[in-house]
Amino acid sequence: MKEQLQRIKEAALSKISTEGTIAALNDIRVQYLGKKGELTAILKGMKDVSTEERPVVGQMVNDVREAIEKALDEVGSKIAKTVRDVQLKNEKIDVTMPAKHMEIGHRHPMNIVIDDLKKIFIGMGYEIVEGPEVEFDYYNFEALNIPANHPAKDEQDTFYIGNDILLRTQTSSVQVRVMENSQPPIKVIAPGRVFRADEVDATHSPSFHQIEGLVIDKNITMADLKGALAVFAKELYGPDVKVKFRPHHFPFTEPSAEMDVSCAVCGGKGCRMCKGTGWIEVLGCGMVHPKVLKQSGIDPDVYQGFAFGMGLERIALLRYGIDDMRLLYENDVRFLKQF
Amino acid sequence: MLTPLSWLREYVDIDVDPITFCDDMTMSGTKVEGLEEKGKDISGVFVGKIVEITKHPDADKLRVCQVEVGREAPLQIVTAATNVQVGDVIPVALDGARLAGDFKIKKSKLRGVESNGMMCSVEELGATREEFPEAPEHGIYVFSEDVKIGSDAKTAFGLDETVIEYEITSNRVDCYSVLGIAREAAATYNKPFRFPKVEVKEIGGDANDYAKVEIQAPNLCLRYAARIVKNIKVEPSPKWMQKRLVACGVRPINNIVDITNYVMLEFGQPMHAFDLECLEEKKIIVRCAYDGEKIQTLDGQERKLDSSMLVIADASKATAIAGIMGGEQTKIMENTTTLLFESATFDGTNIRLSGKKLGLRTESSGKYEKGLDPNLAEIAVNRACQLVVELGAGEVVSGMIDNYPNVRKPWEVQFSAEKTNKLLGINLSEDEMVGYLKRVECEYNAETKMVKVPTFRTDLETNADLAEEVARLFGYNNIPVTLPSGTPTVGKLNFKQNVEDMTRNVVEQCGFNGCLVYAFESPKVFDKLLIPEGDKLREAVKISNPLGEDYSIMRTTTMEGILSSLSTNYNRRNKSAKLYELANIYVPKAVPLVELPDERMQLTLGMYGNIDFFYMKGVIETLFEKLGLLNIPKYDPNCTNSWLHPGRKADVIYNGEVLGYIGEIHPEVLDNYSIGEKAYVAVIDMPTLTKYATTERKYEHLAKFPAVTRDLSLLTKVDTTVGEIEEILRNNGGKILESVSLFDVYQGDKIDKGYKSVAYSLVFRAKDKTLEDKDVNDIISKQLSVLEKNGIELRK
């Protein structure tokens, strides 16, 4: 019996060592260890073995079984590895083949700029407000201290619907509506479309975008105006940007100013973009005129504040290097997909 | 406005370089638009005198000149010019000179003859014949006046002038003059302002005996001052005056006209000179024109006037359009002997409106439009008379005709240093502030705390105006930089803005690109979109002064914008395009407008290129899902939009309300927009969408119990919509019907004609138990019985 077991073991081990597939190994497993397998048969013959020898033979059978199983596992995992290696080799791909793109839409560059500005001002505690695009003369002009017959009201600038209704020429119209409808503290921005009768060309459009800001409280000063807009400029143009405030005139602010930022193209040295000055004019601002406050129901003896307004197209054109404003309204997907 | 620096320097000392000066002026409130240093690029050009001319030995067209340039010996210059003779004084560029256009002059040989330089034309010196009308065309400039041989020709030409262009804001009419700028420069540098001394040498008599002035429209003419000059000698004005006029962009004409222009530039007061002999009855009547009255203006044109326009007339006719342009009949001629200088103040608005009606805007009207100080009229007319005497152009009669019923006096403004500090966020003493105010000629009374404002500063009315004066002279850049204190505020988007933002995100994720479209468009779009006559969409807000018919109405639908954009893409051979727009339509409540129109924000989607109706439908449903519209939308094919394919369109209905529509574009409309393939659109009304949108969500437990799936194959008439079937399945699905999904629609040989087979996969699941067959069977038989009642049967 001992010899028989030894023979089985050797035969099995030699068979295993020469096999190359998992299927053949399974056959060997069945041949020796299966229900009708050779080793199983020996176990079945154990009843003929004497009780004294049984444990010894049993032990021997188990040893043989373990040896066969071990060999099966070892060769099996070797074969599996070879098979996996072949598979991996065959599955090699050319990773430089073209990508499969998700078709995701793009935001219009104007809206990206508007969104950026909104985020900056929301971060600074401003609410976003809106007002009508078709507006009463009163909100666009009169309440902003631009009386009848002011040159800015000339038909050549303003689109009129009727005598007292027009297409707003500035988002400043929203200022008045906000002041009429709320009490200080007021801290808002109003982005939106405005309209002026300019013929379409590379730098003009009869429809464009502005953002208006208004801050009113008891102790808002011109120094605060400078501070707030300096923070804004750094957020929009980067931490190295320099700002400069120049006196100017707007009917609805007093004192009034224009803010220049150092030219991002040349860093302030002077170039074509900034016409050699090193500065780019970005916005108009000032302390809200006491007449405007009073007109809108806010007591100028108690409250004061600042307002600012800027055109947004220019920001987008400068940022993206777009050289013709008409591109913004053509909606060619080859243009839109670049942003 | 252009002002030569040398002229300014007559009234104020400016001891900085031009660039610093420009910066300083800009920072104190007089914005410099441009700086032109004339002759900056020209060097090495001297005044020379031709002492000898000989023929060139080898060239017929060249001549050899000996030119004295103040050196030991004359220099030899070869020239091709034919207009010079011995004795002519000319500008000559010597070896090493630089001329206009970066042109360098070198000593050279011309056909073997040495030439030490080049004689110059005005163009070569960077000037034009407009500035030097006496210069010959294509020839060397020859000096007519006494200039020093050997001196710098630039100085002789006045080409070393620095001219600065200022942008004057509409509130500072006082700065539309050399004196106004000089006053600002003096304030900027805190230097004395030397106002010119105006004294007139008179010959006696009384101007009032020579002419009479009558103002018939006193509300439009605040002042009319006039003086009389006799024994006029009309001739060209002196070079120095011509040069200043040219530097300011004014063309010299003759001494009298030049004097009026000179005074206008210097003081900002427009003036006019009438030939007194041509004024009938020697009368000046300031009146409104008669409707249809005609006048031939100085530019030779006949102008038709109306009664809103102010004219200067004599006893019988209009002789000038007040403040805008003089008339041909009374202009100064060479034989004029006696003139009347007008120095008047007209209402600015009237001048502006008249100028606009006539399409005529002049240097003069440009100044009047802003509203002049009537107190300027007197000194200006005296200045003109002073110049007449200085130039020997005539003799000034004593006295002035002055019609000035309401004298403008300085006014007072309450000033508070404390308020000013509080407004500006600075901390200056009252004395410091008053110091700044004094620089701009505002006097302060410390007792009454009142500031007396000079009459030319109509912009100073309140403490805030005075604060600006303080701030700009103190320096805006010296104001500290602080951040607003006080009540903290929270920055945020409101719900509507959030919904818009989310909408953009979803449609972009679905592949649509944001686009921008004008709000105004052509009324022709209604026909292009097949919108029937009388349709409400044709009632649009009209712009009364549009840029053209194509931009004349405010849109009532967004179709034109999206279809034009798709068309642009199609015609540029872009294979596909998906575009969206989020902007307003303008729906009038009544036309013409009394109230503002309803501005409704619309989400508009448009696309073409290997895509279909159901893609668009998917985008809309994805949007609804993201915005929390979790009920199932319905689609009504009976939507009425004329621009959609009649068999491929639907209103999108949510909770019984129309939110918008989806559809394929009608082939005829595609033709109208030159789009050569099927295009699809969807429009959602944002205010209605926002009503149903919500960001609130509640977690629902993940299913624990298994689902049971049943497939149903149904047979129905072809025109039954799957929407109807689904509605029945859902309405009768009890609590356990989890989903209904269509997986096949079949029409063909295997079923009767006029019928179709529709196959659904139904998924059932209970939250609290594993479903048994019976639970599901009960539901299905209920569904089938209702389907049957509607003529829909189980396919056998």
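A note on names: the letters A, B, ... follow the listed sequences, proteins ahead of strands, and every chain is numbered from 1.
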- Message: Could you check whether any side-chain heavy atom of B/Ile426 comes within less than 4.5 Å of a side-chain heavy atom of A/Met222, counting everything from C-beta outward?
- Response: no

- Task: Kindly say whether B/Glu468 contributes a backbone atom to a donor-acceptor pair with the side chain of A/Glu254 at under 3.5 angstrom?
- Result: no

- Query: For B/Asn574, is it the side chain, the backbone, both or neither that has a heavy atom under 4.5 Å from a heavy atom of chain A?
  - Reply: side chain

- So, the part of A/Phe136 with a heavy atom under 4.5 Å from chain B: the answer is both

- Structural part of B/Val490 lying under 4.5 Å from a heavy atom of chain A: backbone

- Query: If you round to the nearest 0.5 Å, how far is CZ of A/Phe245 from CG of B/Asn478?
  - Reply: 13.5 Å

- Message: Measuring from atom CG of B/Leu596 to atom CD of A/Glu135, what distance do you get when rounded to the nearest 0.5 angstrom?
- Response: 6.0 Å

- Is there a side-chain contact between B/Asp459 and A/His249, using heavy atoms and a 4.5 Å cut-off? no

- B/Leu547 and A/Pro206: which non-hydrogen atoms are nearest, and at how many Å? CD1-CB, 3.6 Å

- Query: In terms of heavy-atom proximity below 4.5 Å to chain A, should B/Asn584 be classed as side chain, backbone, both, or neither?
  - Reply: side chain

- Approximate separation, where rounding is to 0.5 Å, of B/Leu483 CG and A/Leu225 CG: 11.5 Å

- Query: Given a strict heavy-atom distance threshold of 4.5 Å, which part of B/Ser564 is in contact with chain A: side chain, backbone, both, or neither?
  - Reply: neither

- Item | Minimum heavy-atom distance between B/Pro484 and A/Ile220, given as atom pair plus value | CB-CD1, 3.7 Å

- Message: As an exercise, state the distance from OG of B/Ser567 to CG of A/Asn331, rounded to the nearest 0.5 Å.
- Response: 12.0 Å

- Message: Nearest 0.5 angstrom please: A/Lys226 NZ to B/Tyr476 OH, how far?
- Response: 10.5 Å

- Most contacts with chain A, counted as non-hydrogen pairs under 4.5 angstrom, among B/Gly475, B/Cys515, B/Gly561: B/Cys515

- Task: Could you check if a side-chain atom of B/Gln497 sits within less than 4.5 angstrom of a side-chain atom of A/Val129, using non-hydrogen atoms only?
- Result: no

- Message: Heavy-atom cut-off 4.5 Å, strictly under: side chain, backbone, both or neither for B/Lys370 against chain A?
- Response: neither

- Note on the structure: Assert top hit (heavy-atom pairs under 4.5 Å, partner chain B, pool A/Ile161, A/Asp224, A/Ile104, A/Asp115) equals A/Asp224

- Pick from B/Val517, B/Thr26, B/Thr568, B/Leu566: which one has the most heavy-atom pairs with chain A under 4.5 Å? B/Val517

- Counting heavy-atom pairs under 4.5 Å to chain A, which of B/Val481, B/Leu423, B/Ile543 comes out on top? B/Leu423

- Task: Report the C-alpha distance between A/Val333 and B/Leu579 in whole Å, list the side-chain angles of each, state the deciding distance to 0.1 Å, and finish with yes or no for side chain to side chain contact (heavy atoms under 4.5 Å, CB included).
- Result: CA-CA 8 Å; A/Val333 289; B/Leu579 300 174; 3.7 Å; yes

- Query: Quick one: what part of B/Ala583 sits under 4.5 Å from any heavy atom of chain A, side chain, backbone, both or neither?
  - Reply: side chain

- Task: Pick one of side chain, backbone, both or neither for A/Asp217, based on which atoms fall under 4.5 Å of a heavy atom in chain B.
- Result: side chain

- Item | Engaged part of B/Phe512 at the chain A interface, taking heavy atoms whose separation is under 4.5 Å | backbone

- Closest contact, heavy atoms only, B/Arg472 versus A/Pro247: CB-CG, 3.8 Å

- Which atoms of B/Asp23 come close to chain A, meaning under 4.5 Å heavy atom to heavy atom: side chain ones, backbone ones, both, or neither? neither

- Item | Proximity breakdown for B/Gln509 and chain A, heavy-atom pairs closer than 4.5 Å | backbone

- Task: Give a yes or no answer on whether the side chain of B/Asn513 reaches the backbone of A/His108 with a donor-acceptor pair at less than 3.5 Å.
- Result: no

- Task: Assess whether salt bridge (charged side-chain N to carboxylate O under 4.0 Å, His left out) is satisfied between A/Asp301 and B/Lys422, documenting all intermediate values.
- Result: CA-CA 11 Å; A/Asp301 290 328; B/Lys422 194 193 163 203; over 6 Å; no

- Evaluate side chain to side chain contact (heavy atoms under 4.5 Å, CB included) for B/Leu493 paired with A/Lys118, printing each intermediate quantity in order. CA-CA 9 Å; B/Leu493 292 178; A/Lys118 281 184 188 167; 4.2 Å; yes

- Message: Could you report the tightest heavy-atom contact between A/Asn111 and B/Arg504, atom names first, then the distance?
- Response: ND2-NH2, 3.2 Å

- Output the option from B/Pro597, B/Ala577, B/Ala471 having the highest count of non-hydrogen pairs under 4.5 Å with chain A. B/Pro597

- Task: Give me the contact list for residues 182-193 of chain A versus chain B, heavy atoms only, anything under 4.5 Å, ordered by residue number.
- Result: A/Pro185, A/Lys187, A/Arg193

- Message: Shorter than 4.5 Å, heavy atoms on both sides: which option in A/Lys218, A/Met110, A/His248 has the most such pairs with chain B?
- Response: A/His248

- Portion of A/Lys275 that has a non-hydrogen atom of chain B nearer than 4.5 angstrom: neither

- Note on the structure: The ring-ring contact (aromatic ring centres under 6.0 Å, His included) partners of A/His106 (sequence neighbours excluded) come to none

- Would A/Arg334 and B/Asn569 count as having a side-chain donor-acceptor pair, cut-off 3.5 Å? no

- So, the part of B/Pro546 with a heavy atom under 4.5 Å from chain A: the answer is backbone

- Please flag which part of A/Leu167 lies under 4.5 Å from any non-hydrogen atom of chain B: side chain, backbone, both or neither. side chain

- Task: Heavy-atom distances under 4.5 Å only: say whether B/Val594 touches chain A with side chain, backbone, both or neither.
- Result: backbone

- For B/Glu461, is it the side chain, the backbone, both, or neither that has a heavy atom closer than 4.5 Å to a heavy atom of chain A? side chain

- Item | Worked verdict on A/Val200 versus B/Tyr518 for side chain to side chain contact (heavy atoms under 4.5 Å, CB included) | CA-CA 11 Å; A/Val200 181; B/Tyr518 285 146; 3.7 Å; yes

- Query: Which bit of B/Thr349 comes within less than 4.5 Å of chain A, counting heavy atoms only: side chain, backbone, both or neither?
  - Reply: side chain

- Side chain of B/Asn545, backbone of A/Thr158: donor and acceptor closer than 3.5 Å? yes

- Message: The test is side chain to side chain contact (heavy atoms under 4.5 Å, CB included); show your working for B/Phe520 and A/Phe159 and say whether it passes.
- Response: CA-CA 11 Å; B/Phe520 27 63; A/Phe159 288 120; 3.9 Å; yes

- Distance from B/Glu599 atom CD to A/Glu133 atom CD, nearest 0.5 Å? 5.0 Å

- Under 4.5 Å to a heavy atom of chain A? For B/Glu581 that would be side chain

- For each of B/Lys31, B/Met27, B/Arg572, tally heavy-atom pairs with chain A at distances under 4.5 Å, and name the one with the top tally. B/Arg572

- Query: Counting heavy-atom pairs under 4.5 Å to chain A, which of B/Thr462, B/Asn505, B/Ile19, B/Val470 comes out on top?
  - Reply: B/Asn505

- Message: At a 4.5 Å cut-off on heavy atoms, which part of A/Gln304 comes close to chain B: side chain, backbone, both, or neither?
- Response: side chain

